[in-house]
Amino acid sequence: MKRLLIFLLLGLFVFTGCEDITPNKKTAAPPEPPREETFTITAVGDIMMHSTQIKAGYQAENKTYDFSSFFTEVKPYFEQADFVIGNLETTLSDNPKLYSGYPRFNAPAILAQNLKDAGFDCLVTANNHCLDKGVNITYQTLDYLDEANLLHTGTSRSPEEQEKICYTNIKGVKVAILAYTYGTNGLKPPSGHEHAVKLIEEIKITSTIKKARAEGAQLIILCLHFGEEYRDRPDNNQIYLAKTCFKAGADVILGSHAHVLQGSDIIINDEGKKQYVVYSLGNFISDQNGLERKTAVIANLHFGIDPETQEPYFKNSSYIPVWTRKWTANNKTNFKIIPIDEALAQIREAELGDYSRQEIIDLQQAEIHVSAYY
């Protein structure tokens, strides 16, 4: 009887077929490729403080200084960046007797905090005006930058500090920032203070680039104060030095000193990697005369991070043309860095706004001037 029952059950199973009664399983979707991380480094040129600018920052009501109004129009652009760097072409102090513009620059120390509040992260201090008030003020300038929590590179208070490389971390990328100047207007630090400023010496620069790479730098930014003032194209020495430093391993070169715009270039190295140089970003702010010296750019350098190797690479650059506005209101001179395209758009809407007709012409000419370079 048992055999007959088993036989009937087996027959029924064969007759109805071998149906899989387990729940349907959806095929798993393939994993999404890792998302590429990106970051932006924003760079500007020379931050100068002429005597007229110092006076413009004076607050008579409480006998203090405040330059924050100079930067209100560009601060939103800095807030969009991951890192902001510029060339500080003045020394700092808290002694009004030292405050002066050209030819020996010294500005109120509050400028450091104003620049930090505007969005700066790092200031280059290696330039031809870094010794304008003597080596002690050079050192004091670094103290004020430290108090404002600003990174700095190019001058040093000790031999040990000179040997240290300025590093920062951007989106997990270790970035080295190096800075050197062609000279210091004939001023030399006294004996025993040779460490105060880093001068352009090819062997020293290339060896430091290699040192930074050996210490784990994934991106190397080299700031060079070089070239000829007011020349709108890089000279052969600038081009040679840039190529030499790229061969040594620099990734980005930011130039200053010309006080006018010079061109930029992208070089593809032997490994197929893009290297970027801008020979001069112009005057970010100053009271120098002439359209070329009042016009500059905010350069945005865009990088990607390889999702597999986590190594950064230069993608492209973009520029915001800016112009230094100087005007008088209520018997006081004012300065402000103006994004040109934004200002012209506002002028078109308001027909004139707060600008004079001559200022509108200047803005239009400045826009044309920048477009010739970028």
Side-chain angles (χ1 to χ4, degrees), residues 37-49 67-90 92 107 110-127 141-142 144-154 166-179 217-225 251-256 261 264 276-278 280-286 296-303 305 312 314-324 335-340 342 374:
E37 193 72 73
T38 62
F39 62 90
T40 299
I41 294 175
T42 292
V44 303
D46 304 320
I47 302 166
M48 307 189 74
M49 290 296 290
F67 306 98
S68 57
S69 63
F70 291 14
F71 312 107
T72 54
E73 299 298 317
V74 294
K75 182 177 179 178
Y77 293 97
F78 291 163
E79 290 174 341
Q80 296 174 24
D82 295 289
F83 191 78
V84 181
I85 184 171
N87 173 48
L88 181 65
E89 197 141 4
T90 181
L92 303 175
I110 190 63
L111 177 63
Q113 189 60 54
N114 293 155
L115 291 168
K116 177 66 176 181
D117 292 342
F120 281 89
D121 297 292
C122 180
L123 294 175
V124 173
T125 55
N127 53 62
T141 299
L142 302 184
Y144 288 121
L145 297 181
D146 286 341
E147 289 178 13
N149 197 28
L150 283 163
L151 294 175
H152 49 81
T153 179
C166 176
Y167 290 111
T168 190
N169 187 291
I170 306 175
K171 296 284 188 75
V173 173
K174 186 174 183 178
V175 181
I177 311 164
L178 315 176
Q218 297 168 278
L219 182 70
I220 298 176
I221 300 173
L222 174 62
C223 304
L224 296 175
H225 201 72
D251 297 294
V252 172
I253 296 176
L254 303 175
S256 58
L261 291 174
S264 62
Y276 172 84
V277 56
V278 54
S280 174
L281 289 158
N283 285 336
F284 182 56
I285 189 167
S286 78
V297 294
I298 298 173
N300 295 314
L301 313 184
H302 307 289
F303 295 85
I305 303 175
F314 177 75
K315 298 181 72 173
N316 53 57
S317 60
S318 59
Y319 302 91
I320 301 165
V322 293
W323 171 73
T324 297
F335 289 85
K336 194 178 290 289
I337 305 163
I338 304 295
I340 295 173
E342 181 179 313
Y374 303 103

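Below, all heavy atoms of this structure are taken into account, side chains as well, without hydrogens, waters or symmetry copies. This structure is a prediction, so every number in the text was calculated from the model and none was measured.
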Problem set entry | Of Val84, Ile47, Asn87, Ile85, the residue whose pairing with Leu123 passes side chain to side chain contact (heavy atoms under 4.5 Å, CB included) |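 In the set Val84, Ile47, Asn87, Ile85, the residue that makes a side chain to side chain contact (heavy atoms under 4.5 Å, CB included) with Leu123 is Ile47.
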Exercise. Given Val278, which of Leu261, Leu254, Val252, Ile253 fulfils the side chain to side chain contact (heavy atoms under 4.5 Å, CB included) condition?
Worked result: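 Filter result, single survivor: Leu254.
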Exercise. What residues form a side-chain contact (heavy atoms from CB on, under 4.5 Å) with Thr90, not counting sequence neighbours?
Worked result: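 Expected list: Met49, Leu88, Leu92, Phe105, Ala107, Leu111.
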Exercise. Who are the side-chain contact (heavy atoms from CB on, under 4.5 Å) partners of Ala179, not counting sequence neighbours?
Worked result: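 With neighbours one apart ignored, the set is Val124, Ala126, Thr153, Cys223.
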Gap separating the [atom1] atom of [X] from the [atom2] atom of [Y], nearest 0.5 angstrom:
X	Y	atom1	atom2	value
Ile337	Ile285	CD1	CD1	4.0 Å
Glu89	Asn283	CD	CG	8.0 Å
His302	Ser318	NE2	OG	3.0 Å
Tyr167	Leu151	OH	CG	13.0 Å

Please tabulate, for the side chains in residues 168-177, all donor-acceptor contacts under 3.5 angstrom to protein atoms that are two or more places apart in sequence or on a different chain.
| from | atom 1 | to | atom 2 | distance (Å) |
| --- | --- | --- | --- | --- |
| Asn169 | OD1 | Gly172 | N | 2.9 |
| Lys171 | NZ | Thr38 | O | 2.8 |
| Lys174 | NZ | Glu215 | O | 2.6 |

Exercise. What pairs with Asp117 under salt bridge (charged side-chain N to carboxylate O under 4.0 Å, His left out), at least two apart in sequence or on another chain?
Worked result: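 Per chain and number, Asp117 pairs via salt bridge (charged side-chain N to carboxylate O under 4.0 Å, His left out) with no residue.
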For this session: With sequence neighbours left out, write down each residue that passes salt bridge (charged side-chain N to carboxylate O under 4.0 Å, His left out) with Asp251, or none if nothing qualifies.
Result: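 Scan of Asp251 (salt bridge (charged side-chain N to carboxylate O under 4.0 Å, His left out), adjacent residues dropped) gives Arg213, Lys273.
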For this session: Indicate the ring-plane relationship of Phe78 and Phe120, choosing parallel, tilted or perpendicular according to the 30° and 60° boundaries.
Result: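 Correct class here is perpendicular.
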How would you list, by chain and number, every residue that makes a side-chain hydrogen bond (donor to acceptor under 3.5 Å, both in side chains) with [X], sequence neighbours excluded?
X	value
Lys336	Thr72
Asn300	Thr42
Ser256	His225
Tyr276	Tyr319

Exercise. Given Phe39, which of Phe314, Phe303, Phe83 fulfils the ring-ring contact (aromatic ring centres under 6.0 Å, His included) condition?
Worked result: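 Answer to the ring-ring contact (aromatic ring centres under 6.0 Å, His included) test with Phe39 among Phe314, Phe303, Phe83: Phe303.
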For this session: Using ring pair (Phe, Tyr, Trp, His ring centres under 6.0 Å) as the criterion, list what pairs up with Phe67, not counting sequence neighbours.
Result: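 Applying ring pair (Phe, Tyr, Trp, His ring centres under 6.0 Å) to Phe67 gives Phe70.
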